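Predicted model, so just to flag it, every value in this text is computed and none were measured.
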Amino acid sequence: MSATIGTGSYDLYYTHGFTLIAITVFAFFYLSAMKMCFGTYFVRTAMSNYKSNKVIRSRYYELFSSRDNLMYHISWAKSRGELEEARNLMRQLEKVDKEIDQIETVNGQIFGSKARVAGEKLA
């Protein structure tokens with residue numbers, strides 16, 4: 001058996017050339033995906049944006065859950081004839097709607113096309 005590896009410097013050059021091409025292609029796709037998905041090339045910035053958007057989204061969905069509960073209780077109070085209770089709940093609903101509108105106008109890019117138009121009433 002021979003102790004030589006390959007047929008000389010050609011195999012070494014070919015192997016490094018292929019590795020360089022593979023690394024370049026991987027870097028291109030990685031950077032393209034980062035820019036398209038997160039709007040940045042840097043992982044730290046993408047993670048920071050994701051965490052802050054996650055907090056905003058959780059508050060937004062919490063407000064919509066609260067809004068759904070208020071709508072249910074308003075209709076229930078109206079069906080029982082408790083109009084004063086319904087009016088109090090409507091005032092709370094208006095406060096929740098204002099906070100939702102504020103979040104949507106400040107952070108509209110987070111919610112995209114799913115966000116309702118600010119000021120539009122859902123019910």
Side-chain angles (χ1 to χ4, degrees):
M1 296 225 162
S2 173
T4 56
I5 299 174
T7 58
S9 64
Y10 177 74
D11 282 344
L12 186 62
Y13 175 76
Y14 178 74
T15 304
H16 286 303
F18 178 74
T19 304
L20 183 62
I21 290 171
I23 290 171
T24 305
V25 169
F26 174 77
F28 172 77
F29 283 113
Y30 171 79
L31 292 173
S32 297
M34 285 292 290
K35 187 67 172 175
M36 284 190 324
C37 294
F38 301 108
T40 183
Y41 294 117
F42 304 105
V43 175
R44 184 173 292 172
T45 306
M47 291 305 296
S48 174
N49 290 344
Y50 174 77
K51 287 178 184 176
S52 66
N53 291 349
K54 187 177 177 182
V55 170
I56 293 168
R57 277 197 173 114
S58 68
R59 178 65 181 148
Y60 184 74
Y61 293 130
E62 178 183 309
L63 285 169
F64 262 103
S65 176
S66 173
R67 186 182 197 291
D68 287 343
N69 288 336
L70 284 169
M71 293 298 297
Y72 171 78
H73 288 291
I74 288 170
S75 66
W76 194 39
K78 284 181 180 178
S79 70
R80 289 180 303 177
E82 298 177 2
L83 297 179
E84 188 59 36
E85 180 67 22
R87 283 189 202 105
N88 291 336
L89 291 171
M90 296 269 293
R91 283 189 218 108
Q92 291 178 9
L93 180 66
E94 288 174 3
K95 290 176 186 177
V96 169
D97 279 342
K98 285 179 185 177
E99 192 169 348
I100 289 172
D101 288 341
Q102 181 184 13
I103 289 174
E104 286 176 347
T105 55
V106 172
N107 304 294
Q109 74 277 5
I110 295 173
F111 303 108
S113 62
K114 292 183 180 181
R116 62 189 177 92
V117 177
E120 176 188 30
K121 296 296 179 191
L122 291 177

Across all chains, not counting sequence neighbours, the side-chain contact (heavy atoms from CB on, under 4.5 Å) partners of Ser75 are none
Residues Thr105 and Gln102: closest non-hydrogen pair is OG1-O, 3.0 Å
Note: Tyr60 and Ile103 closest approach over all heavy atoms is CD1-CG2, 3.8 Å
So CG of Leu31 and CZ of Phe42: to nearest 0.5 Å the spacing works out to 9.0 Å
Other residues, nucleotides and ligands only: do more than 12 of their heavy atoms fall within 6.0 Å of NZ on Lys54?
no
What one should report as the nearest heavy-atom pair of Thr40 and Ala46 is CG2-N, 3.8 Å
Between Glu85 and Leu89, is any pair of side-chain heavy atoms under 4.5 Å apart? yes
- Query: Out of curiosity, does Phe26 fall in the hydrophobic cluster containing Ile23 (side-chain heavy atoms, cut-off under 4.5 Å, transitive links)?
  - Reply: no
Inset, instruction - Report yes or no: do Leu70 and Trp76 belong to one cluster of Ile/Leu/Val/Met/Phe/Trp/Tyr joined by side chain heavy-atom distances under 4.5 Å? - result: no
Is Phe29 reachable from Ile21 through a run of I, L, V, M, F, W or Y residues, each pair having side-chain heavy atoms under 4.5 Å apart? yes
- prompt: Do the side chain of Thr24 and the main chain of Leu20 share a donor and acceptor less than 3.5 angstrom apart?
  reply: yes
Linked, directly or transitively: Tyr50 and Tyr61 (ILVMFWY side chains, under 4.5 Å) | no
- Query: Just wondering, more than 12 heavy atoms not from Arg44 lying within 6.0 Å of its CZ?
  - Reply: no
Heavy atoms of Leu63 and Glu99 approach each other most closely as CD1-CG, 3.6 Å
Heavy-atom closest pair (Tyr41 atom, Lys35 atom, distance to 0.1 Å) is CE2-CB, 3.6 Å
Rounded to the nearest 0.5 angstrom, the CD1-CD distance for Ile74 and Gln92 is 8.5 Å
Rounding to 0.5 Å, atoms CZ (Phe64) and CE (Met71) come to a distance of 11.5 Å
Quick one: do Glu94 and Arg91 make a salt bridge, cutoff under 4.0 Å?
no
Sorted by chain and number, sequence neighbours left out, salt bridge (Lys or Arg N to Asp or Glu O under 4.0 Å) with Arg87 holds for Glu84
dist Asn88:CG -> His73:NE2 (nearest 0.5 Å) comes out at 14.0 Å
